[in-house]
Structures are given as structure tokens and as C-alpha cells.
Amino acid sequence: MRRVTVLVGWTESDRGAACCQFRSAYTAINSSSVCRFKCVCKSWSSLFSDQYFCTKLPRRPAGLLYQDSNNGSIQIAKLPSGNSEIGTTLSFMPHHENLKLVDCSNGLILFTHGSKSDSPDSSHFIVCNPATQEWIALPDTCPRVNGSDYIAMLAFNPSSSCHFFVFNFQKRRSPHTGGFVITEVEIFSSEDFTWIADDAFETEIMMISMPHVLLHGILYLRTVEHSVFAIETPHMYKPWIHRWTFELPGDSCPMNNYIWGCLGESSGILHYMQPNYDGCWLNVWRLESRHQQWSMTHSLSMIDAFGRGTLVHGDPFSDDWSADYGMLSFDLEREIVFLHDRVSSKVLSYSIRTGKLCEMGDLPRNSLYYVPYWRKFPVVEEDQYWL
């Protein structure tokens, strides 16, 4: 391994040069090596906690997280080239009744839990980091209105902030249309360690929670109307929470979910990937921030991947169509796409670099993409409880 000299009082050029040296060596480092290096001296330990280096160093994906339907244990379907030292036994966490996997975002995992002794009208959340073996119990949410339910999402982007957010959208069935109406959103900020409620929130937009993207303080998620719903994270200098929608590119056909795509992020830019109408190609767009317009960047051949040219089936005189596969999530920076093979009922990983498919197993369709995050949570106040 190449030697990296850690300097006191780094300039920007010093940090950049050291990062380039360290990056080439870091790709072969596993979790036990990280722990040993942090024990060498204070300078080496601070290197792994420095925000600049943490955003520059590569992070190897581990695989897909899911909850076993039989015993409730958290499992991970690991990638062949993924990080093999991450465990999901969660032995560092105390026992909680009815622990349920809810979401995962950039290495942090969101759970909900509850027992008969807990308040039945409130949501009880836990956020943990398996890589650093830290966890936190969030304050309870406000009691829910009778007949309402919630959709919870974890939003974390370490490239811009070391703090995370939890969005808890309350929904109820509309007596007029029969669809679900979002009536309120509560947002938890780990920086302020408090929930902020927007009770003036009422919309009949049908949101699709997975996968979603947090970029530059804005949460983006897809809707069934082939659009993007965007909502700002709370800020102490803004007394309101701004939210809006804008159109997605590609084919729009809400009745045929075989052409639904996924949102993703690469290099701080929002991306969208969607199969075309015949399923033979996965098209990728990026959102140009200057003009707020989508531009196609490239297409991926599914004909070569699956080895056949017919991937969509249906009656040409009806709207009843289906595809041999569906999208789960993607990561352009690590050149990987996750698909659900509807023929074999298996989850597949697709390598953008090689164009090859790899079977990951018979996994739930709501499996969550997991990339370990090695930085510890920031120091908190005495009345906040990181454990």
C-alpha cells in the first residue's frame, strides 16, 4: 500500500493530493483495516472523520437489505464484489418488539417498532448504522388522526451534510375519490433533534416512496402520475416548507406499471432510468439544473442482457400489457442496476460496465440498496441520545 503523509494545517491542494493518494489505497481496505488505521494516531483517526475525505473516498456497495418474513430477522443479499464484512444481526441494538425494516439511505437504516405498552397512535422510529454500530431512538411523532396511516422515508446524503431527515407522511382515504390523500407531513432533523409538522399539507398526489433521492436539501420522489414530487427539508431561516411537482421524461402510461422507472443520483445530479415501451432498452436521463429540463444520456440494451428480443407481452387491442422484468433501483456511480425478473421471480443485478446479469436470489421486491457508511454520527447535545 502506498504511504500517505498526513499534514497538519492542510491547504486545499494538500488535501486534494493526499486524497488522490489515499483513494487508490482505500479501494482495497476492508472494515477491519479501517479500525486498525484509525488506531495508529490521532491524525489518521481524524482522516476517516474528515468531511472532505469522506465525500471523496469510494464506498463499496454491500447488496440488498430485506426482512425475513418468517422470523423477522434483517438479511442482506450480498453482491459478489460487495463489502463482505458487514453484518446485519444488529446485536449492538437492544431488543425492540415488532421491529420492522422501513427504509435505507446511504448507509443508514430506518426501523419502526412498537408494543402494546407504547402509544398506539404515534410512530416510533429508530435509525442505525451497522457499519459503525450506532443507533438512535427518535422522539415519538404526534398522535395520528383516526383512520389515517403513514408513509415514512429516510433521507441522508453524506456528500452535502452529516445530518439526516425522516419524512413521515400521514395519509387517509378520500371519501370523494376513494384514493389516498396526504394530509400532513412531519419531518425529523437529526441536527435539531425535533419533528416539524406541516399540517396545511393536503394533496391527492399518489407518491411512490421507493427509491427516493435527497439532493441539495430537497427530497425527490416519483408519483403514479409520471411526475416528480419535490419537497424541501426544513430550515431555521425558512418559516415554510416549499413543495412542487414537475414532469418526468420517457413514456407515460399509469395503467401499465411495466414501464415505470426509478429516480437516482450521480455526481450531485438527479437522474431517471426507465424501460422503453418494448422493454428492450433502459433509457437514462439527467435533470439539467440550469433549464430544469431532462436530457437523455445513454441507453442500456436489455436484449443483450436477457439474450432474447421479446420482453413485453400483451394484447395489441387492449391496455393489458406486462414485461418480463421490472426496475428496483440503480447506482450510476457504481455502475449497477437492480431488476426483478418476473419470469423466474428472482432479483437480478445488472452491470453497466459489462452488460451482464447476475442472479441475487428470490428476494422481496421491496429490498433496499445498501452501501455502508463508515463515518460516525456527529457529536450531539446532552439531551440527545446516540448510543
Side-chain angles (χ1 to χ4, degrees), residues 103 105 151 153-155 157 167 169 171 177 179-182 185 201 203-233 241-302 311-312 314 319 321-333 335-340 342 350 352 365-366 368-369:
D103 197 7
S105 180
I151 306 173
M153 306 174 201
L154 176 63
N157 191 334
F167 289 77
F169 294 94
K171 65 178 184 178
T177 64
F180 284 103
V181 180
I182 302 297
V185 60
F201 191 104
T203 177
E204 293 194 16
I205 293 176
M206 297 181 66
M207 299 180 296
I208 302 173
S209 59
M210 306 296 180
H212 48 264
V213 176
L214 178 67
L215 274 177
H216 314 301
I218 301 172
L219 178 70
Y220 298 94
L221 41 139
R222 196 164 48 92
T223 75
V224 298
E225 291 83 9
H226 197 69
S227 63
V228 176
F229 175 77
I231 180 171
E232 289 181 334
T233 56
I241 299 174
H242 186 46
R243 53 189 183 270
W244 66 99
T245 61
F246 56 94
E247 291 299 313
L248 281 168
D251 298 313
S252 173
C253 187
M255 298 302 295
N256 292 316
N257 60 10
Y258 74 88
I259 60 171
W260 283 357
C262 291
L263 292 173
E265 178 257 343
S266 179
S267 302
I269 299 174
L270 186 67
H271 284 71
Y272 179 66
M273 182 181 291
Q274 182 193 37
N276 67 337
Y277 69 95
D278 60 7
C280 293
W281 296 89
L282 285 180
N283 298 322
V284 184
W285 293 265
R286 59 181 285 169
L287 184 65
E288 304 294 344
S289 58
R290 178 175 297 181
H291 305 290
Q292 287 295 297
Q293 293 181 344
W294 294 98
S295 61
M296 185 181 293
T297 58
H298 49 283
S299 297
L300 310 174
S301 173
M302 293 293 100
L311 296 169
V312 170
D319 292 331
W321 289 78
S322 63
D324 290 349
Y325 70 92
M327 287 201 62
L328 299 181
S329 60
F330 68 94
D331 187 340
L332 293 179
E333 294 182 356
E335 300 182 314
I336 190 169
V337 182
F338 295 100
L339 305 171
H340 178 251
R342 293 174 177 148
Y350 171 80
I352 297 176
R365 292 189 60 184
N366 59 351
L368 303 169
Y369 180 47

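Just so you know, these numbers use all the heavy atoms, side chains as well, and skip hydrogens, waters and symmetry mates.
- When atom types are taken as modelled, the side chain of Arg222 and the backbone of Leu263 share no donor-acceptor pair closer than 3.5 angstrom.
- In this structure, Asp103 and Met210 have side chains that are in contact, with non-hydrogen atoms separated by less than 4.5 Å.
- Expressed to the nearest 0.5 Å, how far CH2 of Trp285 lies from CG of Leu248 amounts to 9.0 Å.
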Evaluate Phe246 against Leu287 for side-chain contact (heavy atoms from CB on, under 4.5 Å), listing each step before the verdict. CA-CA 11 Å; Phe246 56 94; Leu287 184 65; 4.1 Å; yes
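- At a threshold of 4.5 Å between non-hydrogen side-chain atoms, the residues Leu219 and Thr233 do not count as touching.
- To the nearest 0.5 Å, atom SG of residue Cys262 and atom CG of residue Asp331 are 12.0 Å apart.
- Once rounded to the nearest 0.5 Å, the distance linking CD of Glu232 with CD1 of Ile241 reads 8.5 Å.
- Nearest heavy-atom pair, Glu265 versus Gly268, reported as atom, atom and distance to 0.1 Å: OE2-N, 2.9 Å.
- Contact of the Tyr325 side chain with the Leu282 side chain is registered, since non-hydrogen atoms from C-beta on lie closer than 4.5 Å.
- Between His212 and Phe167, the closest side-chain pair of non-hydrogen atoms is not below 4.5 Å.
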Would Met207 and Ile231 count as a side-chain contact (heavy atoms from CB on, under 4.5 Å) here? Give the steps. CA-CA 12 Å; Met207 299 180 296; Ile231 180 171; over 6 Å; no
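- Ring geometry for Trp244 versus Tyr220: interplanar angle over 60°, hence perpendicular rather than tilted (30 to 60°).
- For the atom pair CG of Leu339 and CG of Asp324, the computed distance is 11.5 Å after rounding to the nearest 0.5 Å.
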In sequence, state the C-alpha distance, the side-chain angles, and the governing distance for Glu247 and Trp294, and then conclude on side-chain contact (heavy atoms from CB on, under 4.5 Å). CA-CA 9 Å; Glu247 291 299 313; Trp294 294 98; 5.8 Å; no
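- No side-chain heavy atom of Val213 sits under 4.5 Å from any side-chain heavy atom of His271.
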side-chain contact (heavy atoms from CB on, under 4.5 Å) assessment of Met206 paired with Lys171: CA-CA 10 Å; Met206 297 181 66; Lys171 65 178 184 178; over 6 Å; no
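- Side-chain contact between Trp260 and Met327: absent, with no pair of heavy atoms (C-beta onward) separated by less than 4.5 Å.
- The shortest distance between side-chain heavy atoms of Asn283 and Gln274 does not fall below 4.5 Å.
- With hydrogens and angles ignored, the 3.5 Å screen pairs a side-chain donor or acceptor of Glu333 with a backbone N or O of Ser267.
- To the nearest 0.5 Å, atoms OG (Ser301) and OH (Tyr350) are separated by 6.5 Å.
- How far OG of Ser209 is from CG of Leu154: 12.0 Å, rounded to the nearest 0.5 Å.
- Under the 4.5 Å side-chain criterion, counting only non-hydrogen atoms from C-beta, Met273 is in contact with Leu300.
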Working note: Thr223 + Glu225, criterion side chain to side chain donor-acceptor pair (under 3.5 Å); need CA distance, chi angles, decisive distance, verdict. CA-CA 5 Å; Thr223 75; Glu225 291 83 9; 3.2 Å; yes
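- In this structure a side-chain-to-backbone donor-acceptor pair under 3.5 Å is present from His226 to Pro249.
- Distance alone, capped at 3.5 Å, places no donor-acceptor pair between the His242 side chain and the Ala230 backbone.
- Listed here is the closest heavy atom pair of Leu311 and Asp278: CB-O, 4.1 Å.
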